[in-house]
Engineer: 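I have a structure I would like to understand better, so I am pasting it below and will then ask my questions one at a time.
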Amino acid sequence: MSRDEAAYIADMVEACARVMEYTRGLDAASLRSDRKTVDAVVRNLEIVGEAAKRVSPPLRSRVPQDLVKTHIRLRQGARGGQEAVHAGL
């Protein structure tokens, strides 16, 4: 059975809420030094990216581009990716 777009949107919203929860109150240095939180943030951004691939192009185009760019940098392992996550929240 195929999931509908609403389920994927719900996944994205939940994953974004988790990232915000995990990083609330952290500055960039604190985030960098907390490997578990970094891993949790990266995983939830992966969830957003995977869910975004499964929604229609018109709906996908409405995803904030800052989130997309941060996701791409993290996936590529670009230096400064964690700071971008923090700054984007």
Side-chain angles (χ1 to χ4, degrees):
M1 174 181 273
S2 175
R3 295 178 79 201
D4 67 2
E5 287 188 329
Y8 291 113
I9 298 299
D11 291 345
M12 289 189 280
V13 169
E14 182 178 340
C16 288
R18 287 181 181 184
V19 169
M20 293 174 69
E21 175 187 340
Y22 299 159
T23 59
R24 188 172 293 120
L26 294 179
D27 60 19
S30 297
L31 179 60
R32 274 194 310 273
S33 68
D34 185 348
R35 211 53 216 148
K36 288 180 186 177
T37 301
V38 170
D39 288 348
V41 167
V42 169
R43 176 63 187 130
N44 278 279
L45 290 174
E46 290 171 347
I47 290 168
V48 170
E50 290 299 317
K53 289 182 200 176
R54 290 169 171 77
V55 297
S56 65
L59 188 55
R60 188 177 0 184
S61 70
R62 295 173 59 189
V63 174
Q65 290 304 301
D66 288 343
L67 181 59
V68 173
K69 290 175 187 174
T70 299
H71 178 260
I72 290 168
R73 280 197 304 263
L74 286 169
R75 293 284 299 216
Q76 294 172 340
R79 188 172 163 197
Q82 290 85 5
E83 292 90 342
V85 170
H86 186 69
L89 302 174

Engineer: Please report the C-alpha distance between Lys53 and Glu50 in whole Å, then the side-chain angles of each, then the deciding distance to 0.1 Å, and finally whether the salt bridge (charged side-chain N to carboxylate O under 4.0 Å, His left out) criterion is met.
Structural biologist: CA-CA 5 Å; Lys53 289 182 200 176; Glu50 290 299 317; 3.1 Å; yes
Engineer: With sequence neighbours excluded, what pairs up with Glu14 under the side-chain contact (heavy atoms from CB on, under 4.5 Å) test?
Structural biologist: Arg18
Engineer: Please report the shortest heavy-atom distance between Thr37 and Asp34, naming the atom on each side.
Structural biologist: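 Closest approach of Thr37 to Asp34: OG1-OD2, 2.6 Å.
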Engineer: With salt bridge (charged side-chain N to carboxylate O under 4.0 Å, His left out) as the criterion, how do Asp39 and Arg43 come out once you've worked through the C-alpha distance, each side chain's angles and the decisive distance to 0.1 Å?
Structural biologist: CA-CA 6 Å; Asp39 288 348; Arg43 176 63 187 130; over 6 Å; no
Engineer: What pair of heavy atoms forms the shortest contact from Ala51 to Met12, and how long is it?
Structural biologist: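 Closest approach of Ala51 to Met12, heavy atoms only: CB-CG, 3.5 Å.
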Engineer: Suppose we screen for side-chain contact (heavy atoms from CB on, under 4.5 Å). Which residues come up paired with Ala29, at least two apart in sequence or across chains?
Structural biologist: Asp27, Arg32
Engineer: Going by side-chain hydrogen bond (donor to acceptor under 3.5 Å, both in side chains), name the residues that satisfy it together with Asp11, two or more places apart in sequence or in a different chain.
Structural biologist: Arg3
Engineer: Among Asn44, Leu45, Val38, which residue meets the side-chain contact (heavy atoms from CB on, under 4.5 Å) test with Val42?
Structural biologist: Val38
